[in-house]
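Starting from 1, each residue takes its place in the sequence as its number.
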Amino acid sequence: MEQQEYATGAARTAGGTSDGCTGGAGRGTTAAVVVVRGSGPGPLVALGPSVAPGTGADAPQDAAPVRDSGSPSVAGLSPDPGLLRLARWFAEAEPGTADDLCAASLGLYPARHFGAPAGPAGGPASAAPAAVDPPAAEVSWWHGPTAHIPAPLRAREPRPAGGLRRARRDAAALPVVLSGAKPGKPGRHRKPERSRGAGTVPQDRSAATTAAERRIAARLLVAHPLVTASGPHADGFPLIRRHRDWLAERFDTLLGYRLAVGPWHARLHKAGLGPGATRRLEHPATGAPFTPGCYAQLALALALLVDAPEQLPLDGLLAAMDAVRPGPGPAARPADRSELAMAFAVLADWQVLTDLPAAALADPAAAGPTVLTVDRELARAVPVGPPALADDATDLIRRAAEAEPGTAVRRRLAETPAVLAADLPEDQRAWLRDHGRTGPAALADFLGLEAEQRAEGVALLDPAEELTDLALPGADTAAQAALLLVERLVEEVRPLPGETAGTDVPVPDALIDGVLGDIADEYGLPAGWRRDYLADRTALRRDALDLLHRMGLITPAPRGTRPPGWLLRAPAARYAPAPDLLPAPGTGRHSRPDPDLTIPAPSAPRAGQPV
């Protein structure tokens with residue numbers, strides 16, 4: 001626990017409790033955020049990793065004081081210096097680094113897991129989770145059981161926008177729960193129970209109900225780290241409050257996460273995932289990804305909202321954001337209207353801001369006179385990273401991901417599709433080697449997941465397909481193209497049985513273009529793919545590769561590789577058909593023939609030579 005507090009920069013408040021289970025963020029809890037400066041003469045309210053404003057590394061030297069915008073309710077706004085510093089780091093960061101910085105400083109990313117379990121060796125996935133032990137860890141993903149689904153069977157129901165779906169169980173046990181099942185069918189988030197023998201004593205119903213409720217609450221928090229009593233996941237909030245002590249202990253023991261549960265919200269303080277985590281914020285309605293400028297506007301707004309009055313004029317907030325914008329450099333440029341709209345849309349989605357009219361969400365700068373309702377408790381619960389302890393953005397990303405080896409590996413297992421030993425530092429690789437079976441077991445039982453162990457690493461699967469922010473297979477055009485692309489790439493480049501199979505295999509860009517062209521010609525119009533994608537193959541390629549990259553199935557070649565390209569990762573083979581020892585060469589009109597296998601055409605006979 002001490003190591004986790006150092007990694008997140010937690011600071012205990014005077015008179016606060018250490019269990020993090022009573023009161024909201026900022027009300028006597030142990031938090032991991034920033035120090036919020038009060039607008040009046042009262043004392044500072046400590047919310048996490050901090051030093052007193054105006055002292056130490058947390059004191060920004062380039063932040064201008066807040067100017068009075070003319071409104072009495074705005075004159076007292078006092079920005080948080082740690083969040084102003086964070087805004088500057090966001091504005092100066094590259095897009096990928098800004099995403100990693102968001103995961104480290106806010107920790108609001110959802111878990112991401114593969115869904116379909118692998119079937120028997122050499123066969124397709126079974127419809128239900130297997131009730132037998134997983135294959136031996138010596139089996140490689142390249143040649144092991146697959147979760148391949150034939151193309152005609154890939155249609156899936158669109159996932160509801162509200163998040164985790166609802167299902168009805170036994171009315172006497174748990175009338176309504178959040179799970180991944182369709183209405184009228186039993187939830188699938190629990191592992192299948194072994195059949196009881198004739199002389200077995202039935203399990204106590206209250207114990208079964210308690211276990212189910214705890215698992216539902218744990219899964220909800222991992223999928224949505226900020227849950228409110230009036231938000232889209234309000235049905236699960238009573239379960240979190242009911243089992244908050246048990247949940248807080250398990251999250252702390254297994255993952256080093258701190259759970260704070262107040263009267264109206266619950267916040268799971270996730271740690272960062274380190275560089276290259278491929279986690280980003282997106283517009284809640286359009287799915288547009290955040291840019292560094294969007295993140296900077298979000299941090300600026302939070303810097304003022306953590307100590308704002310409950311009723312705040314929109315134009316006053318915008319004026320205060322302009323006044324405290326740090327500089328010089330990229331952070332000092334005027335706010336772009338689209339970036340402001342993205343930041344305000346996310347704040348409204350988190351319920352930090354309420355009563356926003358549609359015009360304010362579309363273009364806050366042109367919304368006209370509007371009074372915002374601010375929830376300071378939620379605003380203070382959003383940040384978790386330690387900007388006061390970090391030297392720069394890179395240092396913050398590193399500090400937020402620090403943990404002892406077992407905790408670090410379990411975090412990766414809980415949050416990412418697959419953990420490959422080759423990606424881990426030596427101490428974490430040794431832990432995974434020594435605890436490959438027993439280590440993930442408790443975590444899998446806690447979250448209702450299934451372990452898939454292979455020679456290259458471990459993946460925790462969610463057959464309910466609800467504990468993930470990305471779906472593969474998916475119903476949209478990019479997801480269908482990505483699945484078809486990855487299975488054909490695996491067939492083309494995976495090592496043959498008996499060859500030394502590494503974690504990654506290079507994939508030439510020309511092969512990606514050719515295979516994707518074949519796929520679009522074969523499936524595009526018959527499958528009703530989006531016309532804009534069929535007309536713009538570059539956009540289809542970009543979005544399909546982005547999905548595969550975020551799912552951990554491909555990764556960019558190391559910087560400096562010539563020519564630049566992609567590496568196909570071993571877990572990608574779980575979505576391909578069973579290995580074929582003699583695969584047929586590509587026959588599509590976009591396929592490139594292998595020059596090493598091309599048979600030269602016979603030359604014309606010379607004069608006098610028999611034909």
Side-chain angles (χ1 to χ4, degrees), residues 141-143 146-154 470 472-474 476-497 499 501-601:
W141 261 308
W142 290 118
H143 309 115
T146 72
H148 176 65
I149 303 173
L153 304 180
R154 286 187 186 134
L470 298 176
L472 192 74
D476 63 317
T477 296
Q480 293 181 27
L483 187 62
L484 290 166
L485 173 63
V486 74
E487 69 179 38
R488 295 196 182 187
L489 291 179
V490 171
E491 291 185 285
E492 291 281 349
V493 303
R494 71 172 150 196
L496 294 175
E499 294 182 347
T503 301
D504 303 328
V505 176
V507 180
D509 273 345
L511 178 61
I512 295 176
D513 292 335
V515 171
L516 197 58
D518 292 341
I519 291 171
D521 287 348
E522 184 177 351
Y523 289 93
L525 290 177
W529 285 5
R530 285 170 41 182
R531 298 278 181 167
D532 56 337
Y533 274 140
L534 297 179
D536 186 358
R537 302 291 175 86
T538 301
L540 179 61
R541 171 194 163 105
R542 178 196 64 226
D543 292 347
L545 291 178
D546 177 67
L547 176 58
L548 294 177
H549 180 215
R550 296 166 70 191
M551 290 297 294
L553 302 181
I554 64 171
T555 187
R559 183 170 297 181
T561 304
R562 291 289 180 267
W566 293 87
L567 300 176
L568 191 68
R569 314 222 72 190
R574 69 187 312 276
Y575 288 105
D580 187 352
L581 296 180
L582 296 173
T587 57
R589 64 187 180 90
H590 292 277
S591 298
R592 269 64 169 177
D594 189 339
D596 296 333
L597 299 180
T598 303
I599 301 176

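Separation of atoms CD1 (Ile554) and CG (Leu489) is listed at 8.0 Å; rounding is to 0.5 Å. Separation of atoms CG (Leu485) and CG (Leu547) is listed at 10.5 Å; rounding is to 0.5 Å. Atom CZ of Arg530 is separated from atom CG of Leu540 by 9.0 Å, given to the nearest 0.5 angstrom. One distance of note links CH2 of Trp142 with OG1 of Thr503; it measures 8.5 Å at 0.5 Å rounding. Leu472 contributes atom CG, which lies 5.0 Å from atom OH of Tyr575 (distance to the nearest 0.5 angstrom). In this structure, CG on Leu568 lies 11.0 Å from CD on Glu492, to the nearest 0.5 angstrom.
Remark: Pro508 engages Leu511 in a side-chain contact (heavy atoms from CB on, under 4.5 Å) (not counting sequence neighbours). Every residue meeting the salt bridge (Lys or Arg N to Asp or Glu O under 4.0 Å) condition with Arg574, not counting sequence neighbours, appears here in chain and number order: Glu452.
Side-chain contact between Gln480 and Trp529 is present, with at least one heavy-atom pair separated by less than 4.5 Å. Under the 4.5 Å side-chain criterion, counting only non-hydrogen atoms from C-beta, Asp513 is not in contact with Arg537. Between Leu483 and Arg488 there is no side-chain heavy-atom pair separated by less than 4.5 Å. A heavy-atom distance below 4.5 Å is not found between the side chains of Val505 and Arg494. The shortest side-chain heavy-atom distance between Trp566 and Thr555 does not fall under the 4.5 Å cut-off.
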Can you list the steps and then say if Asp546 with Arg550 is a salt bridge (charged side-chain N to carboxylate O under 4.0 Å, His left out)?
-> CA-CA 6 Å; Asp546 177 67; Arg550 296 166 70 191; 3.6 Å; yes
Test salt bridge (charged side-chain N to carboxylate O under 4.0 Å, His left out) on Arg541 and Asp536 and set out the steps.
-> CA-CA 9 Å; Arg541 171 194 163 105; Asp536 186 358; over 6 Å; no
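Side chain of His143 to main chain of Pro495: a donor-acceptor pair is present (N/O by atom type, distance under 3.5 Å, no hydrogens or angles).
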